[in-house]
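One is the number of the first residue; the rest follow in order along the sequence. These numbers were taken from a predicted model, which means no experiment stands behind them.
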Amino acid sequence: MTFRLLLVALFGFGVGYLLLVAQIELDPWSASDRINSRTLPQIYGVLLCLTVLGFAIGRRNHQVATSGISQRGRTRLLGLSALICIFIVSLLWFNLWVALAGLLFGALWTMGERRWSVIWALCLGIPLVGFVLIEHVLLMTIPLS
């Protein structure tokens, strides 16, 4: 029952998100383009709705009985949710790439990764590659950086 409520809530969130995305104002020169500032958010909203529908259909076909989320799973879920909130707030004070490194470190640690080589490689590599690709190769400026 709670799984169905979660699916309904997520689907409702996806539909609401798509309605908000439809209200994004386009620049006059990009309104006629196929790819504009609405494209990526629309893709995210559609993928969320399709994923939720896929879970609903798959759940109905298999009827897997579960005993619910374990205490360890709840702790991880709450930890990851708190990390995302901290990441969003930290964007006000830190550079995007520093905040991303912190988010990756916290997420890896919360999910149980304890190999320092993996943690350092991911926490430094992903923000560094993102910085180089976005800011130096694509020559895009992110206002948060």
Which salt bridge (charged side-chain N to carboxylate O under 4.0 Å, His left out) pairs, counting each pair once, include a residue from residues 100-113, with sequence neighbours left out? Glu113-Arg115
Is any side-chain heavy atom of Leu100 closer than 4.5 Å to one of Trp97? yes
Is Val137 linked to Leu128 within one hydrophobic cluster, defined over Ile, Leu, Val, Met, Phe, Trp and Tyr using a side-chain heavy-atom separation of less than 4.5 Å? no
Give the cluster check for Leu80 versus Leu122: same hydrophobic cluster or not, with ILVMFWY residues linked at side-chain heavy-atom distances below 4.5 Å. yes
CG on Leu53 to CG on Leu10, rounded to 0.5 Å: 11.0 Å
Take a 6.0 Å sphere around CG of Leu138 and say whether it holds more than 12 heavy atoms from other residues, nucleotides or ligands. yes
Pairs where residues 78-105 contributes a residue and the test salt bridge (charged side-chain N to carboxylate O under 4.0 Å, His left out) is met, not counting sequence neighbours: none
Shortest non-hydrogen contact from Arg76 toward Met111: NH2-O, 3.4 Å
Linked hydrophobic residues, Val8 as query - side chain contacts closer than 4.5 Å: none
Quick one: hydrophobic cluster around Leu40, which other residues, with the 4.5 Å side-chain cut-off, linked directly or via members? Tyr17, Val21, Ile24, Tyr44
Rounded to the nearest 0.5 Å, what separates atom CG in Leu83 from atom CG in Leu78? 11.0 Å
Nearest 0.5 Å, what's the CZ-CG distance between Phe55 and Leu6? 9.5 Å
Met140 reachable from Phe131 in the ILVMFWY side-chain graph, under 4.5 Å edges: yes
In Å and rounded to the nearest 0.5 Å, what is the CG to CD1 distance from Leu103 to Ile126? 10.0 Å
With clusters defined by side-chain heavy atoms of hydrophobic residues (ILVMFWY) lying less than 4.5 Å apart, directly or transitively, does Val118 cluster with Leu104? yes
Please tabulate, for side-chain N and O atoms in residues 84-92, each donor-acceptor pair with protein atoms closer than 3.5 Å (sequence neighbours left out).
| unit_1 | atom_1 | unit_2 | atom_2 | d |
| --- | --- | --- | --- | --- |
| Ser90 | OG | Ile86 | O | 3.2 |
| Ser90 | OG | Phe87 | O | 2.8 |

Could you tell me whether the side chain of Pro127 reaches within less than 4.5 Å of the side chain of Val98, counting heavy atoms only? no
If you round to the nearest 0.5 Å, how far is OG1 of Thr110 from CZ of Phe105? 9.0 Å
Nearest non-hydrogen partners of Cys123 and Leu108, listed with the distance: SG-CD1, 4.0 Å
Check Glu25 against Ser37 and note the closest heavy-atom contact, atom names and distance. O-OG, 4.3 Å
Taking only residues two or more places apart in sequence, or in another chain, which ones meet Trp120 in a side-chain contact (heavy atoms from CB on, under 4.5 Å)? Trp116, Leu124
